Structure formats: structure tokens, C-alpha cells
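In what follows, a single structure is set out as C-alpha cells and then discussed.
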Amino acid sequence: MHPVKGCACRGPTRFSGSAAIPIHSKRVSRPPSIRPSSSSPPLVDLVDLSVSLGGSPVLSNCRLTLRPGESLGVAGPNGAGKSTLLGVVATFIAPTGGSGTVLGAPLAGPRIPAVRAGIGWSGHLPALYPDLTLGENLALSARLTGHPASRGQLVLEQVGLGGAAGIRAERCSNGMLRRADLARLLIGSPRLVLLDEPDAGLDRDAAPIIDHLIATTTRRDGAVLCVSHDAAKLSGWVDRVVEMRDGRIT
């Protein structure tokens, strides 16, 4: 089985059920997150970090610190290096220069595999298996994170997909897949949440899902790193926004 790479739009995406995240025709104000403490050990700490891929520099001397209770946005144009930055923080891409830690583990060090369970990433491609139903995908995520399979159905209802649990992922619209992928992060309650253009493919009414995910993560002393080409959108989701251009954070 391979994760879904995209599918045609089929089926409704309305929220339903008493457990659903409240939906409004307009964006609501984001609840304040926990004020990060300067004395708390950072969940992400990058110092002069650089990455080269295929011999070409992609990130150059990046500095970034993310503490418990904080949400940070990185804005920049396409090709600025935002997704590569997330790949480094997700521990999938090893730095070629500088240093850094994620959840207290040095990047590319022997402790990295042990901390990966605390990282949740929603990228351009939803991490769902096409030949499983949405319910089966979320039940699998629940079991892998030590929760009962029934938690999968609960979060599907929260994101408005309770009635779509029996639909195979390959038959879902892109918007349904995006909602289900965000629901996957609500299941495991990862300490560190990484979001790559999280509203891509989502209808306007689904925006509160992102607000809810960020707020619940920061309130439990986790942290969120979100990247987008749209700085204005980021400012509505996170505590602060930095810019990235040509592989550098400014």
C-alpha cells in the first residue's frame, strides 16, 4: 500500500455530529496559546543550520528556536526552502552544516528514532492509504499511537467526516483527504506539530480545524511550526511569523 497522491472530488465535506469542531462562516479569533517560557528547554533549536541537496545549497545558516507552548510561522515564496526546513525538523533530512536539536535529540544523532513518535507532520500529500477507508486509516493511526481504534471515529466526527468513515480514501475528494490528515494529528497528540500549507485544498469552512489543532497542541505544552507562502494567513494562526528567502530565515 502507498499513501494517497490525490484524487478527484467526490462526496460531501460538511461537518456533522455534536462533537464537531464549531464552524462559522467567518474565521473566529484564535484562542491565545500558552505563553512560552524562556527557561523551558526548546523543542526545536537550530543553530547556523545548512542543507545541500544534490550538491546545491537549499538552507543556509538558519537559526530557529521553538519552545513549549509556542506556535511559529515561516513565510516565503515557492522555492525558498520552507518544506526542506520542515523535513529537517521532522528528522527526515540530515543537515550538512551547523547543528540542531529536536525534542532534545541532536539532529542525525542516535536518539532521533526515539523522538519521532512525538512529531506529527501534515505535508502536501495526505498520509493515508488509498485502499483503506477513512475510518480504517484513522483507526490504524489510533492503534499506532497507543489509542483505541474508536478514537479514529471520534476525530473524524470532529472534522465533519463522521458520515464518510466507510469511504475508501482513493474515492475521497482532496478536501476530505486534507481534513482526514489533520484529524490524524488530533489522534496522537504529538508534542511537535509540523504543517506545510495546511489550508491547501480545504474549503473556507474547514479553517477552524487548523485553529483547533494549533490551540490544542500549544495548550498541552507542545509547539507548532507552520509554513506557507501567505504571511497574512500565518499571522492568523500562529504567535509570530518569520520570513524565509533563498534558504535563509530573516
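Keep in mind that this is a model prediction, so the values were computed, not measured.
- Sorted by first and then second residue, the ring-ring contact (aromatic ring centres under 6.0 Å, His included) pairs with a member in residues 168-195 form an empty list; sequence neighbours excluded.
- L213 is not connected to L72 by any chain of hydrophobic side-chain contacts under 4.5 Å among Ile, Leu, Val, Met, Phe, Trp and Tyr, and they are in different clusters.
- No side-chain donor from either of H124 and E197 sits under 3.5 Å from a side-chain acceptor of the other.
- In this structure a side-chain-to-backbone donor-acceptor pair under 3.5 Å is missing from S50 to T96.
- Panel note: side chain R151, backbone S141; no donor-acceptor pair is recorded below 3.5 Å.
- The distance from the OG1 atom of T101 to the CG atom of D45 is 4.5 Å, given to the nearest 0.5 Å.
- Of all the heavy atoms in M176 and A164, the pair that sits closest is CE-CB, 3.7 Å.
- Take T216 and apply the side chain to side chain donor-acceptor pair (under 3.5 Å) test, not counting sequence neighbours, and it matches no residue.
- At distances below 3.5 Å, not a single donor-acceptor pair connects side-chain atoms of S60 with backbone N or O atoms of G247.
- Take D246 and apply the salt bridge (Lys or Arg N to Asp or Glu O under 4.0 Å) test, not counting sequence neighbours, and it matches no residue.
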Practice task
Please report the C-alpha distance between D203 and R179 in whole Å, then the side-chain angles of each, then the deciding distance to 0.1 Å, and finally whether the salt bridge (Lys or Arg N to Asp or Glu O under 4.0 Å) criterion is met.
Solution key: CA-CA 10 Å; D203 55 272; R179 289 193 188 210; 3.0 Å; yes
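- Criterion: ILVMFWY side-chain heavy atoms under 4.5 Å apart, direct or through other members. Under it, I209 and L161 are part of a common hydrophobic cluster.
- Hydrophobic clustering (side-chain heavy atoms under 4.5 Å, transitive across Ile, Leu, Val, Met, Phe, Trp, Tyr) keeps V224 apart from I249.
- How far CG of L202 is from CG of N174: 8.0 Å, rounded to the nearest 0.5 Å.
- Among all heavy-atom pairs drawn from G73 and V238, the shortest one is N-CG2, 3.5 Å.
- Residues passing the salt bridge (Lys or Arg N to Asp or Glu O under 4.0 Å) test with D199 are K233, sequence neighbours excluded.
- Contacts of R111 classified as side chain to side chain donor-acceptor pair (under 3.5 Å), with partners at least two apart in sequence or in another chain: none.
- Between the OG1 atom of T217 and the NE2 atom of H212 there is a distance of 8.5 Å, given to the nearest 0.5 Å.
- Linking Ile, Leu, Val, Met, Phe, Trp and Tyr whenever their side-chain heavy atoms come within less than 4.5 Å leaves L192 and L185 in two separate clusters.
- N137 contributes a side-chain N or O that, together with a main-chain N or O of Y129, makes up a donor-acceptor pair within less than 3.5 Å.
- V241 and A231 get closest at one heavy-atom pair: CG2-O, 4.5 Å.
- Residues L194 and L49 fall within the same hydrophobic cluster, defined by Ile, Leu, Val, Met, Phe, Trp and Tyr side chains chained together at heavy-atom separations under 4.5 Å.
- Distance CG/L59 to CG/L64: 11.0 Å, rounded to 0.5 Å.
- A distance-only check finds a donor-acceptor pair linking the side chain of R116 to the backbone of T91 [under 3.5 Å].
- D181 meets the side chain to side chain donor-acceptor pair (under 3.5 Å) test with S122, R184; sequence neighbours excluded.
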